[in-house]
Undergrad: 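Have a look at the structure that comes next, please.
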Amino acid sequence: MIEELIRRAAVEDDDAIEELSAIADTDPRELTPYLGLLLDLEVLCPAKLYRAADADLVGRVIEQIDSGRTPDELNDLLLILAHSAHPSAESAMRRWSTQPPAGSDELHVDALGYAHEGGWAVGSDGRRRDLCGDTAYRWVMRETAPGADRPTCPWCASPLWVAADLDTTDAAISAALAHTGWSGRLVIETCHFCACFTTLYSHVTPAGGTTWWAGNTRPDYLPDDDEPEDPPALAPVLGQALASPYQVSAWDRGGSTLGGRPEWIQDAEHADCPDCGDPMDYVGLIGGADLDDYGEGAYYLHLHQPCGFAAVNYQQS
């Protein structure tokens, strides 16, 4: 069945690509024995199909890039290596960041910058760090009572929105946040309106403290003639555990998740810590479809425990 899907995908059968993508989201290891055929037939997108690529497949991709035979495919091949997160891929991407392969002049970031697409990065200390965890839970939206004295956004005067209120004394939450190193209560508060225009940061403490970061920079294109808006009268609460960290949707109702891996609507956009500059850890995703019947886009929540910063950014098609 999988081989048939791959051959259909090779002739741009969208239904086959969608079915293969669903397998990659449920258990990418099911595709591992077939990835050589996928590569032979030049089915390079979506790169997430190669999440469980083994050493042989990764070696083939590295050799193809090193040979310079297909510089026009460099972007797709680097995405494959990033999603594989294989140690050999990391080694090659480190090398190419200082010795760029053929086709690099057409890229917008260096080879190692592609690591973010696969949910990992090389920090300022030169060590690899996974930005995402392997434990995920569905986030279910529940109505919340509006706060009487909620702080307001310094830019648009809208009441701030508590996008997440988490406590690691709950074993499930602790597991979902294990990759961040956070211990204690985590409250991520943001402006639901202004976060749609720029990444918003806040100082957070393990006691549940949250404060708007004074260094947030208002973009010139932020509308300044709109009336304040009430934030969503909804907040996420923990739902069922997910079988795979990839079972998230930025598009569909019921796709919001705590932990696991994000589904990016555009390119990967892991926020950088405003203090040290290292990429922040991914916390979760709240889909617009879960906030409103006509909602779109998704809010992405991030955390950098060493510096005590949380961040929220937003993407839409």
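Throughout, numbering of the chain's residues begins at 1 and tracks the sequence. Note that these values count all heavy atoms, side chains included, but never hydrogens, waters or copies made by symmetry.
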Undergrad: Look up atom CZ in R138 and atom OG in S256, then write down how far apart they are to the nearest 0.5 Å.
TA: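 Between atom CZ of R138 and atom OG of S256 there are 8.0 Å.
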Undergrad: For residues W120 and I80: do they belong to one hydrophobic cluster (side chain heavy atoms under 4.5 Å, members Ile, Leu, Val, Met, Phe, Trp, Tyr)?
TA: yes
Undergrad: Near E18 CD, under 6.0 Å, is it more than 12 heavy atoms from other residues, nucleotides or ligands?
TA: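 Result for CD/E18: open.
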Undergrad: Would you say the ring centroid of W264 lies under 6.0 angstrom from that of H270?
TA: yes
Undergrad: Under 6.0 Å from the CD atom of Q266, do we count more than 12 heavy atoms belonging to anything else shown?
TA: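 Buried by this count: over 12 neighbours within 6.0 Å.
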Undergrad: First locate atom OH of Y34, then atom CD1 of I23, and finally report the distance between them rounded to the nearest 0.5 Å.
TA: 9.0 Å
Undergrad: Would you mind reporting whether P306 and C276 have side-chain heavy atoms less than 4.5 Å apart?
TA: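 The answer is no, as the side chains (C-beta and beyond) never meet within the 4.5 Å cut-off.
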Undergrad: Ignoring hydrogens, what is the shortest heavy-atom contact between Y137 and L238? Give both atom names and the distance.
TA: CB-CD1, 3.5 Å
Undergrad: Step by step, would you call D165 with R185 a side chain to side chain contact (heavy atoms under 4.5 Å, CB included)?
TA: CA-CA 7 Å; D165 190 344; R185 187 179 174 198; 2.6 Å; yes
Undergrad: List the steps and the verdict of side chain to side chain contact (heavy atoms under 4.5 Å, CB included) for T26 and Q247.
TA: CA-CA 7 Å; T26 303; Q247 291 178 315; 4.1 Å; yes
Undergrad: Walk me through it: do R8 and D15 pass the test salt bridge (charged side-chain N to carboxylate O under 4.0 Å, His left out)?
TA: CA-CA 9 Å; R8 287 168 51 197; D15 289 338; 5.1 Å; no
Undergrad: Cluster question for you: counting only ILVMFWY and a side-chain heavy-atom cut-off of under 4.5 Å, with indirect links fine, are M141 and V312 together?
TA: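 Per the 4.5 Å side-chain linkage, M141 and V312 are co-clustered.
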Undergrad: Between L112 and R94, is the side chain to side chain contact (heavy atoms under 4.5 Å, CB included) condition met? List the steps.
TA: CA-CA 6 Å; L112 202 52; R94 285 177 181 267; 4.2 Å; yes
Undergrad: By side chain to side chain donor-acceptor pair (under 3.5 Å), which residues pair with S124, not counting sequence neighbours?
TA: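 With sequence neighbours excluded, S124 shows a side chain to side chain donor-acceptor pair (under 3.5 Å) to D278, given in chain and number order.
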Undergrad: Stepwise, does the salt bridge (charged side-chain N to carboxylate O under 4.0 Å, His left out) test hold for E117 with K48?
TA: CA-CA 9 Å; E117 297 288 344; K48 69 179 183 178; over 6 Å; no
Undergrad: What distance do H302 atom NE2 and T199 atom OG1 have between them, rounded to the nearest 0.5 Å?
TA: 6.5 Å
Undergrad: Quick one: does any side-chain atom of S158 pair with a main-chain N or O of E229 as donor and acceptor, under 3.5 Å?
TA: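 Here the side-chain-to-backbone pair exists.
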Undergrad: Report whether L285 and L258 are members of the same hydrophobic cluster (ILVMFWY, side-chain heavy atoms less than 4.5 Å apart, transitive linking).
TA: no
Undergrad: Between G254 and D290, which heavy-atom pair has the shortest distance, and what is it?
TA: N-OD1, 2.5 Å
Undergrad: Please report the closest heavy-atom contact between T168 and G184, naming both atoms and the distance.
TA: OG1-N, 2.7 Å
Undergrad: List the atom of D76, the atom of C45, and the distance in Å for their closest heavy-atom pair.
TA: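 For D76 versus C45, the nearest heavy atoms are OD1-SG, 3.5 Å.
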Undergrad: For Q64 and T70, which I'm curious about, is there any donor-acceptor pair between the side chains at under 3.5 Å?
TA: yes
Undergrad: Among residues at least two apart in sequence or on other chains, which ones pass ring pair (Phe, Tyr, Trp, His ring centres under 6.0 Å) with F197?
TA: F193
Undergrad: With side chain to side chain contact (heavy atoms under 4.5 Å, CB included) as the test, would you mind laying out the steps for Y114 and M93 before giving the verdict?
TA: CA-CA 8 Å; Y114 278 75; M93 292 165 73; 3.9 Å; yes
Undergrad: Between V283 and Y314, is there shared hydrophobic-cluster membership here, with clusters defined by ILVMFWY side-chain heavy atoms closer than 4.5 Å?
TA: yes
Undergrad: For R129, does the CZ atom have more than 12 heavy-atom neighbours from other residues, nucleotides or ligands under 6.0 Å away?
TA: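 Buried by this count: over 12 neighbours within 6.0 Å.
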Undergrad: Check whether more than 12 heavy atoms from other residues, nucleotides or ligands sit under 6.0 Å from atom CZ of R69, and answer yes or no.
TA: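 Correct, the count exceeds 12.
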Undergrad: Using 0.5 Å steps for rounding, measure from the CG atom of L49 to the OG atom of S21.
TA: 5.0 Å
Undergrad: Do D25 and R261 sit within salt-bridge range, that is, some charged N less than 4.0 Å from a carboxylate O?
TA: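 R261 and D25: not salt-bridged.
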Undergrad: If I compare all heavy atoms of A9 with all of L20, which pair ends up nearest, and what's the gap?
TA: CB-CD1, 3.9 Å
Undergrad: Taking all atoms of both residues into account, what is the closest heavy-atom pair of I286 and P236, and its distance?
TA: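 What the structure gives for the nearest pair is CD1-CG, 4.0 Å.
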Undergrad: Applying the 4.5 Å side-chain criterion to the ILVMFWY set and letting contacts propagate, would L177 and L301 be lumped into a single cluster?
TA: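 Linked, L177 and L301 end up in one cluster.
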Undergrad: Could you tell me whether the side chain of R218 and the main chain of W155 form a donor-acceptor pair under 3.5 Å?
TA: yes
Undergrad: Any chance you could measure N216, atom CG, to C153, atom SG, to the nearest 0.5 Å?
TA: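 The distance works out to 8.5 Å.
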Undergrad: Measuring only between side-chain heavy atoms, which start at C-beta, is V58 closer than 4.5 Å to L81?
TA: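 They are in contact (side-chain heavy atoms under 4.5 Å apart), so the answer is yes.
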Undergrad: For the atom pair CG (D66) and CH2 (W96), what is the distance rounded to the nearest 0.5 Å?
TA: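 If we round to the nearest 0.5 Å, D66:CG and W96:CH2 are 5.5 Å apart.
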Undergrad: Would you please test R253 and D293 for salt bridge (charged side-chain N to carboxylate O under 4.0 Å, His left out) and show each step?
TA: CA-CA 9 Å; R253 183 180 291 274; D293 288 340; 3.0 Å; yes
Undergrad: So does E296 get a backbone contact from the side chain of Q316, meaning a donor-acceptor N/O pair under 3.5 Å?
TA: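 No: the side chain of Q316 does not pair with the backbone of E296.
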